[in-house]
Amino acid sequence: MEQVVTASRGNFGSSQIPLDREIFMDLVVTTMGSLFEETVGSNEAGGFVSLVGLAVGEKIQAAYLASSGASQLDRKGMVDALLDMKRRIGSDFYVVEESEQRIVLGNKRCPFGELAKKCPSLCMLTANVCGHLAAESQGYARVDLPETIAAGASECRIVINLEPNSSGGGRRYHRRAWA
């Protein structure tokens, strides 16, 4: 017969349990994403995460607009906001290429860490935040993620096309028309 060991109240305050707010939030987000992927499939989970990403993108854009005192970010301000935002959440984004037609960003560190490999649909958060900020700034954006850490690449590549007539894959975003 197996012996049951019980713990008394108050024994955990000085314990080395790896749990804090950040670890908890990582667990919640990646568990939700994994459960969505297992339940409805990766494409549908990506669609749901896309909606979350758009809502998060709106809140982030509002914060950067309020901080700058502007009603719209220009292209340079949009790129600076993306880099700053990603730095604040633990990524290591940098500009690979920047022109009037497109912006290519690289990323050496996923904010979800190794947990993203279990839930690659979380990459849609990045795509949607980038797409929303770029479209609101430039009027249009098409975002493609040809390489992601979640899919096994050593770095991420985020391609933000700013030309509405350009060809290629990726998700399309348009500036919202406000009444």
Side-chain angles (χ1 to χ4, degrees), residues 29 33 36-37 40-112 116-117 119-179:
V29 170
F36 279 131
E37 286 188 16
V40 298
S42 187
N43 286 341
E44 287 78 9
F48 176 78
V49 173
S50 292
L51 293 173
V52 173
L54 285 173
V56 169
E58 286 179 359
K59 292 179 187 320
I60 290 170
Q61 178 197 16
Y64 280 97
L65 289 175
S67 175
S68 69
S71 61
Q72 184 175 325
L73 297 174
D74 62 11
R75 188 174 47 79
K76 182 182 179 332
M78 178 263 301
V79 172
D80 289 347
L82 286 172
L83 295 175
D84 180 70
M85 182 262 310
K86 295 299 186 177
R87 177 191 57 79
R88 290 174 184 263
I89 65 169
S91 293
D92 188 7
F93 271 62
Y94 59 96
V95 176
V96 173
E97 174 189 331
E98 184 175 355
S99 69
E100 293 295 319
Q101 294 78 31
R102 73 184 204 157
I103 300 159
V104 180
L105 301 175
N107 179 31
K108 298 175 187 171
R109 185 175 55 244
C110 179
F112 297 106
K117 291 180 180 177
C119 185
S121 65
L122 291 173
C123 294
M124 294 312 304
L125 286 171
T126 294
N128 282 287
V129 170
C130 291
H132 178 76
L133 265 65
E136 290 300 319
S137 165
Q138 303 300 294
Y140 171 84
R142 180 173 43 83
V143 178
D144 190 24
L145 304 175
E147 299 173 30
T148 64
I149 294 169
S154 62
E155 292 189 8
C156 295
R157 283 285 181 262
I158 298 90
V159 180
I160 305 169
N161 288 288
L162 303 172
E163 291 290 319
N165 298 326
S166 64
S167 62
R171 287 188 179 262
R172 299 179 190 284
Y173 303 85
H174 298 272
R175 181 181 294 143
R176 291 187 175 203
W178 301 103

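Given the structure is predicted, the values throughout are model-derived calculations rather than measurements.
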Inset, instruction - Only pairs at least two apart or in different chains count here, so list each salt bridge (charged side-chain N to carboxylate O under 4.0 Å, His left out) that has a residue in residues 152-161. - result: Glu155-Arg157
Legend entry - Approximate separation, where rounding is to 0.5 Å, of Arg171 CZ and Leu54 CG: 8.5 Å
Legend entry - Nearest-0.5 Å distance, CD1 of residue Ile89 to CD1 of residue Ile60: 6.5 Å
Legend entry - From Arg175, Arg172, His174, residue fulfilling side chain to side chain donor-acceptor pair (under 3.5 Å) relative to Tyr140: Arg172
Inset, instruction - Would you check if the side chain of Asn107 reaches a backbone N or O of Asp92 as a donor-acceptor pair within less than 3.5 Å? - result: yes
Legend entry - Shortest non-hydrogen contact between Ile149 and Ser154, atoms and distance: CG1-O, 4.0 Å
Inset, instruction - Go through the steps to decide whether Arg75 and Glu98 satisfy the test salt bridge (Lys or Arg N to Asp or Glu O under 4.0 Å), and finish with yes or no. - result: CA-CA 10 Å; Arg75 188 174 47 79; Glu98 184 175 355; 2.6 Å; yes
Inset, instruction - Verify, without hydrogens or angle tests, whether Glu163 (side chain) and Arg102 (backbone) share a donor-acceptor contact under 3.5 angstrom. - result: no
Legend entry - Any side-chain heavy-atom pair of Asp84 and Arg87 under 4.5 Å: yes
Legend entry - Validation row: Lys108, Tyr94 side chains within 4.5 angstrom (heavy atoms): yes
Legend entry - Shortest non-hydrogen contact from Ile158 toward Cys130: CG2-SG, 4.2 Å
Inset, instruction - Show your working on side chain to side chain contact (heavy atoms under 4.5 Å, CB included) between Leu105 and Leu83 and close with a plain yes or no. - result: CA-CA 9 Å; Leu105 301 175; Leu83 295 175; 4.2 Å; yes
Inset, instruction - Mark yes or no for whether Tyr64, through its side chain, and Leu73, through its backbone, hold a donor-acceptor pair below 3.5 Å. - result: no
Inset, instruction - Please report the closest heavy-atom contact between Ala81 and Leu133, naming both atoms and the distance. - result: CB-CD2, 4.3 Å
Legend entry - Pairwise side-chain contact, Ile160 with Leu82, heavy-atom cut-off 4.5 Å (strictly under): yes
Legend entry - Pairwise distance CD(Gln61) to CE(Met78) - rounded to 0.5 angstrom: 11.0 Å
Inset, instruction - Could you pull out the closest heavy-atom pair between Ala141 and Gly131, with the gap in Å? - result: CB-O, 3.9 Å
Inset, instruction - For the pair Asn128 (side chain) and Met124 (backbone), establish whether a donor and an acceptor sit closer than 3.5 Å, ignoring hydrogens and angles. - result: yes
Inset, instruction - Please answer whether the main-chain N or O of Ser137 pairs with a side-chain N or O of Gln72 as donor and acceptor at a distance below 3.5 Å. - result: yes
Inset, instruction - Determine, step by step, whether Thr126 and Lys86 satisfy the side chain to side chain contact (heavy atoms under 4.5 Å, CB included) criterion, reporting the C-alpha distance in whole Å, the side-chain angles of both residues, the deciding distance to 0.1 Å, and the verdict. - result: CA-CA 9 Å; Thr126 294; Lys86 295 299 186 177; 3.4 Å; yes
Inset, instruction - Looking only at non-hydrogen atoms, find the nearest pair between Ala150 and Pro120 and report the distance. - result: CB-CA, 3.9 Å
Inset, instruction - Could you tell me whether the side chain of Ser68 and the main chain of Ala70 form a donor-acceptor pair under 3.5 Å? - result: yes
Legend entry - Worked check of side chain to side chain contact (heavy atoms under 4.5 Å, CB included) between Glu136 and Tyr173: CA-CA 9 Å; Glu136 290 300 319; Tyr173 303 85; over 6 Å; no
Inset, instruction - Indicate yes or no for a side-chain donor-acceptor contact from Arg142 to the backbone of Gly169 under 3.5 Å, with no hydrogens or angles considered. - result: yes
